Amino acid sequence: MSTEDRLYTLIAELTYLCPLRCVYCSNPTDLAAHPDRLSTTDWLRVFKQAAELGALQLNLSGGEPLLRRDLEELVAGAHALDFYSNLITSGLPLTRERLVRLKTAGLSSVQLSIQDSDPGPSDRLAGRESFEQKLEVARWVKELELR
Amino acid sequence: MSAEAPSLELRPKLAPKCKLRLDPKTAKYILLYPEKGLLLNATGAAILKHCDGTQSLSAIIAALAVEFQSNSDVLRVEVLGFVQGLLDRGLLQAAP
């Protein structure tokens, strides 16, 4: 956006937990070796510090951020700081009701991973059956205008 | 890209994916959308603040002519060009 030396975007890797096992993934899967996750309070403090450094965009990523039960609270905290918040997700596990809650909490947009345009290769790359759920999530994202 | 200028009856509004906010570091408005942002100058921000889906382009031009104490014929060309650019990029939409 500019060559100016400042922060524009914070990418928050909220957890390493993930329901997928994508063949290309570079995140750790040996979770026992990475036991420490930041608490809700810690993340909210990090968001505030990032905003003070100039960050305007917040990418909520992982792992799978939906596996954090406090995601709604984190989104609401980001919204209170006027962030443009983007959920980077596999779409699993997600219900339409939870996506509505996230939008109500102030989520700006959703970036949904799809491993292939065909179900077979997509599920194979993701390491589990997931393609149909992703299509369903994509429909909710469009319907709720989160893209 | 559309070569045609938008109709003066068109009522532009921000696309749902867009968020207009003040950037405290620069004291300028910025239009945020997925993975990108458009830093606006004062006139760009003034135009977008009127793009709420209720005001037609002719009404917006008239309001800006008052705000900037400027000739609306000159403003019309600039506003239509700016709005068309953002319509083409999907950052503005025509309100139904």
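Bear in mind the structure is a predicted one, so any value in this text is a computation, not a measurement. Lettering follows sequence order; numbering is per chain, from 1.
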message = Would you say CD1 of Ile11(A) has more than 12 non-hydrogen atoms from neighbouring residues, nucleotides or ligands within 6.0 angstrom?
response = no

Nearest heavy-atom contact between Asp82(A) and Arg21(B) is O-NH1, 2.8 Å

Identify whether [X] and [Y] are in the same connected component of the hydrophobic contact network (ILVMFWY, side-chain heavy atoms under 4.5 Å).
X: Ile88(A); Y: Leu112(A); result: no
X: Leu48(B); Y: Leu91(B); result: yes
X: Ile47(B); Y: Val77(B); result: no

So salt bridge (charged side-chain N to carboxylate O under 4.0 Å, His left out) across residues 48-67 of chain B, not counting sequence neighbours, yields none

Are side-chain heavy atoms of [X] and [Y] found at a separation under 4.5 Å?
X: Lys17(B); Y: Tyr84(A); value: yes
X: Glu35(B); Y: Gln111(A); value: yes
X: Thr26(B); Y: Arg6(A); value: yes
X: Leu53(A); Y: Lys25(B); value: no

Rounding to 0.5 Å, atoms CG (Leu56(A)) and CG (Asp23(B)) come to a distance of 5.0 Å

Below 3.5 Å, can you tabulate the donor-acceptor pairs from side chains in residues 43-52 of chain A to any protein atom, sequence neighbours excluded?
| from | atom 1 | to | atom 2 | distance (Å) |
| --- | --- | --- | --- | --- |
| Arg45(A) | NH1 | Asp42(A) | OD1 | 3.0 |
| Lys48(A) | NZ | Glu52(A) | OE2 | 2.9 |

* Asked: Would you find a donor on one side and an acceptor on the other, under 3.5 Å apart, between the side chain of Gln57(A) and the backbone of Lys36(B)?
  ->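 Judged by distance alone, yes, a pair lies under 3.5 Å.
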
